[in-house]
Asker: 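I'd like to ask you about the structure that follows.
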Amino acid sequence: MLRLLGGRVAGFLVAALLLAGITYFYRIILPVNQTTVALSFLLAILAVSAVWGMVVSVFMSVTAMLLFNYNFLPPVGTFTVADPQNWVALFAFLFTSIMGSQLSARIRKEADASNSRRREVERLYSFSQKLLGEGNVIQLMNAVPNYIVECFEAGAAELFLPQKDKFYRSGYGAAQLDEGQLKTAFLRDEAILDTAEAVYFLPVRMGVRPIGSLGISGAMLSRPTLDAIGSLIAIAIERARAVEQLGESEADRQGERLKSALMDSIAHDFRTPLTSIKAAATSLLGTPNADPKQGHELLTIINEECDRLNHLVEEASEMAKLEAGEFELQFEPVSIEEIIKRALEHLKKPLGERKVDVHITPGLPLVRADANRAEEILVQLIDNANIYSPKEEPITVTAEPNGDGVLTSVADHGPGIDAFEQGLIFDKFYRGRDQRYLVRGTGMGLSIAKAIVTAHGGTISVTSQLGHGSVFSFSLPAANSKEIR
């Protein structure tokens, strides 16, 4: 109220100064005809009315008419009008100035209302964006009051949800809201608005059903904006609940898929060596006086299959440790050429007579890696290529610079991987749909490789075309100068 009164006083003073200035200028400095004076007064009145409104402009119009009559209409120096036509001009001036002021004030009022609506829409948009950023129901309900205070410059906000019989308060303002009024707004399903004190209590509805209530204080908000806030909150809560339910359903689905893959892996990869061991042991027990050569072959089968089972268990244990982060990397500057040599030496027996082409770009920088773990990445990729490609086809290993690191690739001439499976190939226990019963393996090798590459701060990917083979590539960061020293 004081601000409004102060603004009007300033308006009256400006109006008086403008009128006095125009009168002095045209009376003393630059005498002109009556039309120019009238138009100058009219322009000043319109300008003042656009800023200070109708009350100041009416005062200015009446005062301008009196000054115009006294100083510019003959006989000058009196309020008497000699010519009847001047009476018409005088009242036409008064009417025009008042009507112009009214129109100007109306336009100004509508412009202010439009700007206010625009600001509220912008704030609602900002509020909705913040709500969309929350996917957890509990976090959302705790954050909503603070978002309201932040977006709408309110003093305090509070959300009441009867389903949990809990109040969620903003932490920014010291103002407290009446929780009884919040409950009343929900139970009666109607808003309680005190615009004079800028305190609002309104139900939060999902459609026509109230699901809670909201209290806001310290912000001048229109009824449509309040309704929009309530609707956005209700939609956000339902959306967060739907997202949580979807996440739980997806987790259940992934769990079932993982369990199915695990059971498939156990049924195939563990049963096969166990069957061989059982058959060999049964044969030995059934023929105690068997030929020593035959007994040696059976014992060799048991030994190899036990090694295979041990390898499967070691892979499962390795994967569990990698996922739990229960391992440490011993970083040091390492030559990628040395890592490739060590990996090929490690796989000398499984590779047998298979040709492996190695192409290393000269002058490659040293990589920052754990040598043993980096070797394990290559062992997994090369072994994977060896398993899934014909024995007569070569495997190609390349190393080349890649930005601030080194990119190493393993290419084979196997059956290839379709686009759908490329997104799943690094998942635990996943093996190609057409290959899972044709070759040995648990489907953990590529998962292990990915986990190790990620721990090094690198990336791993696959490029493949059905019928033309696959290329698995991984990058490792280059060692910096301090590490090399």
Side-chain angles (χ1 to χ4, degrees), residues 1-4 109 112-246:
M1 189 67 182
L2 291 174
R3 183 179 178 182
L4 179 63
K109 185 177 180 180
D112 289 343
S114 177
N115 287 331
S116 177
R117 288 193 296 271
R118 177 182 58 79
R119 285 192 296 271
E120 288 190 350
V121 169
E122 289 174 350
R123 289 174 174 178
L124 284 171
Y125 175 76
S126 175
F127 181 59
S128 67
Q129 291 297 103
K130 290 181 178 293
L131 293 180
L132 289 174
E134 296 288 347
N136 179 277
V137 176
I138 302 299
Q139 292 178 355
L140 174 66
M141 291 185 293
N142 282 302
V144 161
N146 290 331
Y147 288 161
I148 293 173
V149 171
E150 181 181 343
C151 294
F152 298 95
E153 299 178 0
E158 193 164 335
L159 177 65
F160 169 63
L161 293 179
Q163 186 177 6
K164 298 186 176 184
D165 193 26
K166 189 172 180 180
F167 295 89
Y168 300 90
R169 304 176 181 85
S170 61
Y172 298 145
Q176 296 294 321
L177 293 166
D178 188 344
E179 294 180 352
Q181 294 279 59
L182 274 171
K183 290 185 176 181
T184 300
F186 167 73
L187 293 173
R188 294 182 179 178
D189 190 19
E190 61 182 25
I192 304 171
L193 309 178
D194 186 350
T195 54
E197 298 294 329
V199 179
Y200 316 97
F201 300 93
L202 62 147
V204 175
R205 298 188 185 93
M206 175 53 67
V208 296
R209 177 177 60 90
I211 62 172
S213 58
L214 177 68
I216 304 174
S217 68
M220 298 301 295
L221 301 172
S222 65
R223 180 60 187 270
T225 299
L226 291 170
D227 292 339
I229 292 172
S231 298
L232 286 173
I233 292 172
I235 293 170
I237 291 174
E238 291 301 312
R239 172 188 168 277
R241 285 175 178 166
V243 168
E244 279 194 347
Q245 292 174 357
L246 180 63

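No experiment lies behind these values; they were computed from the predicted model shown. The analysis underlying the following values was restricted to heavy atoms, covering all of them including side chains, and did not include hydrogens, waters or symmetry mates.
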Asker: Does a side-chain heavy-atom distance below 4.5 Å link Ile229 with Leu202?
Answerer: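 Contact flag for Ile229/Leu202 side chains = no.
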
Asker: Ser128 and Tyr125: which non-hydrogen atoms are nearest, and at how many Å?
Answerer: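 Nearest heavy atoms, Ser128 then Tyr125: OG-O, 2.7 Å.
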
Asker: Which heavy-atom pair separates Gly212 from Pro162 by the least distance, and what is that distance?
Answerer: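 Smallest interatomic distance, heavy atoms only, reads CA-CD, 3.6 Å.
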
Asker: Can you tell me how far the CD atom of Glu150 sits from the CZ atom of Arg123, to the nearest 0.5 Å?
Answerer: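 Here the rounded value is 12.0 Å.
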
Asker: Let me confirm one number: the CG-CG distance from Leu221 to Leu124, rounded to the nearest 0.5 Å.
Answerer: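 That separation rounds to 8.5 Å.
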
Asker: Between the side chains of Lys183 and Glu179, is the shortest nitrogen-to-carboxylate-oxygen separation below 4.0 Å, so that they form an ion pair?
Answerer: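 No, no charged N to carboxylate O under 4.0 Å.
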
Asker: Where the side chain of Ser217 meets the backbone of Gly155, is there a donor-acceptor pair that is under 3.5 Å apart?
Answerer: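 Pair absent, no side-chain N/O of Ser217 close to backbone of Gly155.
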
Asker: Is there a side-chain contact between Leu182 and Phe167 in this structure, where contact means two heavy atoms from C-beta onward sitting under 4.5 Å apart?
Answerer: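 They are in contact (side-chain heavy atoms under 4.5 Å apart), so the answer is yes.
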
Asker: What is the distance from atom NZ of Lys130 to atom CG of Asn146, rounded to the nearest 0.5 Å?
Answerer: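 That separation rounds to 10.0 Å.
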
Asker: Report the distance from atom OG1 of Thr184 to atom CD1 of Ile192, rounding to the nearest 0.5 Å.
Answerer: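 Atom-to-atom, Thr184:OG1 and Ile192:CD1 are 5.5 Å apart.
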
Asker: So does Glu122 get a backbone contact from the side chain of Ser126, meaning a donor-acceptor N/O pair under 3.5 Å?
Answerer: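 Absent.
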
Asker: Partners of Phe152 by ring-ring contact (aromatic ring centres under 6.0 Å, His included), sequence neighbours excluded?
Answerer: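 With neighbours one apart ignored, the set is Phe127.
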
Asker: Looking at every non-hydrogen atom in both residues, tell me the closest pair between Ala156 and Ser170 and how far apart they are.
Answerer: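 Nearest pair, atom of Ala156 first, then Ser170: CA-OG, 3.7 Å.
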
Asker: Between CD of Glu120 and OG of Ser222, what distance do you get to the nearest 0.5 Å?
Answerer: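 The CD atom of Glu120 sits 3.5 Å away from the OG atom of Ser222.
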
Asker: Enumerate the side-chain hydrogen bond (donor to acceptor under 3.5 Å, both in side chains) contacts for residues 192-215, please, sequence neighbours excluded, ordered by first and then second residue.
Answerer: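 Applying side-chain hydrogen bond (donor to acceptor under 3.5 Å, both in side chains) to every pair that reaches into residues 192-215, excluding sequence neighbours, yields Asp189-Arg205.
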
Asker: With heavy-atom distances below 4.5 Å as the criterion, would you say the side chains of Leu159 and Ile148 are in contact?
Answerer: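 A side-chain contact is absent here, since even the closest heavy-atom pair is not under 4.5 Å.
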
Asker: Rounded at 0.5 Å granularity, tell me how far CE in Met206 sits from CD1 in Ile235.
Answerer: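 If we round to the nearest 0.5 Å, Met206:CE and Ile235:CD1 are 6.0 Å apart.
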
Asker: What are the two closest non-hydrogen atoms of Phe201 and Asp178, and how far apart are they?
Answerer: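 Taking Phe201 first and Asp178 second, the nearest heavy atoms are CE2-O, 3.5 Å.
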
